Amino acid sequence: LDELPVHYSLGLIEDQRLLDLNGTEIEYVSQNIIRSHLGTCQFTSDELSKMVWNAHSQEEVCSLQSKPCEMMWQLCAIHVSNAIQYVVEFAKRLDGFMELCQNDQIVLLKAGCLEVLLIRMTRAFNPSNNTVLFEGKFGGIQMFRSLGCDDLLFAIFDLGQALCRLSLSDEEIALFTAAVLMSPDRPRLTESKKVQKLQDRIFLALQKEIQKRHCSEDLLTKMISKLPLMKTICNLHADKLEFFRILHPDTAHIFPPLYKEVFC
Ligand code: MHQ
């Protein structure tokens with residue numbers, strides 16, 4: 001993901017014939033991905049825009065802040081793994097994903113699900129007051145104080161701000177998350193050529209979708225430019241988790257199985 005998308009941002013794949021696809025086929029790729037996203041995104045955009053002004057009260061924030069560190073880690077892990085279940089369902093509905101070997105399905109999901117979640121977070125993020133959806137209501141970074149991971153949380157909120165500035169549509173979020181999931185350069189992939197082909201099709205569909213809205217031509221470049229920050233966040237999350245497990249060696253059982261499977 002670090003180096004690969006560069007040739008897209010340079011616009012080298014302008015000609016869809018390079019991929020042997022006609023306009024109808026690209027439309028078909030788009031429709032499958034957008035439908036998969038809408039069917040697995042947990043909240044519709046309408047629901048989210050209604051919830052956005054429903055903020056945690058001062059008391060609710062204080063009660064989150066006074067939770068012991070372990071309990072707050074557990075709570076976050078529960079919400080994250082719950083959201084990951086929807087990402088797994090999204091992947092399964094993408095054309096081509098279930099035809100990959102099981103090893104590659106697992107590699108792609110393990111490596112990509114947090115990045116997908118971070119992109120999906122844009123939908124549940126309110127940049128005007130820097131709040132995110134957590135436990136059914138919106139709240140700021142201070143909600144997470146007891147985690148003791150301020151740098152991780154600042155990075156996540158920075159990304160939220162940066163992605164919101166792109167004002168992505170649900171269609172663009174669908175195609176972008178699918179492209180990130182289908183990254184052919186994940187370590188230990190056995191059929192990366194197959195994954196590469198699937199990702200090429202998705203980027204083509206994304207390019208078309210962006211043209212449709214005739215917004216800034218370099219939107220794709222801007223989207224791709226957020227990938228390094230996402231990778232940083234994934235690494236930070238892994239470091240924080242490792243540190244947490246060293247400090248609390250007896251707490252392996254507090255995390256949901258899916259969270260452990262993906263991150264431990
Ligand atoms: C999804 C819905 C959703 C669900 C959960 C893991 C850790 C130690 C810290 C939300 C991260 C804390 C997450 C719960 C925090 C940044 C995490 C905890 C879109 C994404 C969203 C809103 C997640 C966003 C990130 C949250 C708030 O459809």
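Computed from a predicted structure; not experimentally measured. Ligands are counted one by one from 1 in listed order, and the atoms in each one are counted from 1 as well. Values reported hereafter were calculated over all heavy atoms of this structure, with side chains retained and with hydrogens, waters and symmetry mates removed.
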Output yes when a protein non-hydrogen atom is found under 4.0 Å of [atom], and no otherwise.
{"atom": "atom 16 (C) of ligand 1", "answer": "yes"}
{"atom": "atom 23 (C) of ligand 1", "answer": "no"}
{"atom": "atom 2 (C) of ligand 1", "answer": "yes"}

Which residue and non-hydrogen atom of the protein lie closest to [atom], and at what distance in Å?
{"atom": "atom 13 (C) of ligand 1", "answer": "V80 CG2, 4.2 Å"}
{"atom": "atom 9 (C) of ligand 1", "answer": "L147 CD1, 3.9 Å"}
{"atom": "atom 11 (C) of ligand 1", "answer": "I156 CD1, 4.4 Å"}
{"atom": "atom 7 (C) of ligand 1", "answer": "C76 CB, 3.8 Å"}

key: Any N or O of H79 closer than 3.5 Å to N or O of ligand 1   = no
Mode of [X] contact toward ligand 1 - side chain, backbone, both, neither (heavy atoms, under 4.0 Å):
{"X": "F125", "value": "neither"}
{"X": "L153", "value": "side chain"}
{"X": "Y86", "value": "neither"}

Within a distance under 4.0 Å of any heavy atom of [X], pick out the atoms of ligand 1 and give their elements.
{"X": "A83", "value": "4 (C)"}
{"X": "A124", "value": "22 (C)"}
{"X": "Q42", "value": "1 (C), 2 (C), 28 (O)"}
{"X": "L133", "value": "22 (C), 27 (C)"}
{"X": "W73", "value": "8 (C)"}

Strictly by modelled atom types, are [X] and [Y] linked by a side-chain donor-acceptor pair under 3.5 Å?
{"X": "E27", "Y": "Q31", "value": "yes"}
{"X": "T131", "Y": "N129", "value": "yes"}
{"X": "S63", "Y": "E60", "value": "no"}

message = Taking the ring of H237 and the ring of F263, is the distance between their centroids below 6.0 Å?
response = yes
task = Compute the centroid of each ring, for F144 and then for F134, and state whether the two points are separated by less than 6.0 Å.
result =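 Ring centroids of F144 and F134 are less than 6.0 Å from each other.
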query = Would you find more than 12 non-hydrogen atoms of other residues, nucleotides or ligands less than 6.0 Å from K260 atom NZ?
reply = yes
message = Less than 6.0 angstrom from the centroid, inside 45 degrees of the normal: does R120 satisfy that with respect to the ring of F43?
response = no
message = The test is ring pair (Phe, Tyr, Trp, His ring centres under 6.0 Å); show your working for F125 and F138 and say whether it passes.
response = CA-CA 8 Å; F125 194 89; F138 280 71; 8.5 Å; no
request  = Dump the intermediate steps for side-chain contact (heavy atoms from CB on, under 4.5 Å) on C113 and V88, then the final yes or no.
outcome  = CA-CA 8 Å; C113 66; V88 172; over 6 Å; no
query = Quick one: CE on M143 to CD on Q65, what's the gap to the nearest 0.5 Å?
reply =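 Interatomic distance, M143 CE to Q65 CD, rounded to 0.5 Å: 9.5 Å.
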inquiry  = Could you work out, for atom 25 (C) of ligand 1, the closest of M143, K240, M121, M72 by heavy-atom distance?
reply    =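 Selected option, by shortest heavy-atom distance: M121.
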task = In sequence, state the C-alpha distance, the side-chain angles, and the governing distance for F255 and H79, and then conclude on ring pair (Phe, Tyr, Trp, His ring centres under 6.0 Å).
result = CA-CA 11 Å; F255 295 126; H79 286 297; over 10 Å; no
